[in-house]
Amino acid sequence: MEMLSSAPALAGPTVRATLDGRLLSCAESDFLKQMGDRLRVMRLCRRLSRRELSRRSQISERYIARIEGGTGNVSIVLLLRLAQALAGEQMPDAERMATTGDRLWESLF
């Protein structure tokens, strides 16, 4: 005799991926994918390899690949580093980081 599960169906958006062991909604997964696609396009338009972007941003090539693949949950600080590296700037010192009013990171959204 077959038993039917009494567990309730998941409500809300369907789940498409996991990040750090946590299930992501479609919206979260789509957001990370779109941001990764945009980073890849911007990098390629500037004719930068992942290795060079890694060197400029001080973020590992592997993590950049995860971001571009839509599986890296990137922090705001790392977004700023990536934006500055794409703009051709070297890593800023602490004082410059604190006073950066540029909207460089917004270009990733």
Say you draw a straight line from CG of Leu79 to CD of Gln84; how long is it, rounded to the nearest 0.5 Å?
11.0 Å

Within-4.5 Å side-chain heavy-atom neighbours: Val74 and Ile59
no

Distance, nearest 0.5 Å, that separates OG of Ser54 from CD1 of Ile64:
4.5 Å

Decide if atom CZ of Arg62 counts as having more than 12 heavy atoms of other residues, nucleotides or ligands within a radius under 6.0 Å.
no

Ignoring hydrogens, what is the shortest heavy-atom contact between Tyr63 and Leu78? Give both atom names and the distance.
CE2-CD1, 3.6 Å

Are Arg43 and Glu52 close enough, and set up right, to give a salt bridge (charged side-chain N to carboxylate O under 4.0 Å, His left out), and what steps lead you there?
CA-CA 10 Å; Arg43 177 178 61 78; Glu52 180 60 17; over 6 Å; no

From Ser49 OG over to Arg47 CZ, what is the distance, rounded to the nearest 0.5 angstrom?
13.5 Å

Using a 3.5 Å distance criterion without hydrogens, assess whether the side chain of Arg66 forms a donor-acceptor pair with backbone atoms of Thr71.
yes

To the nearest 0.5 Å, tell me how far Met42 CE sits from Asp37 CG.
13.0 Å

Does some side-chain heavy atom of Leu32 sit less than 4.5 Å from a side-chain heavy atom of Ile67?
no

Would you compute the distance between atom CE of Met35 and atom CG of Leu82 and round it to the nearest 0.5 angstrom?
9.0 Å

Co-membership, hydrophobic cluster, residues Phe31 and Leu24, 4.5 Å side-chain:
yes

Do the charged groups of Glu61 and Arg51 touch, with an N to O distance under 4.0 Å?
yes

With rounding to the nearest 0.5 Å, note down the distance linking CG in Leu53 to CZ in Arg81.
12.0 Å

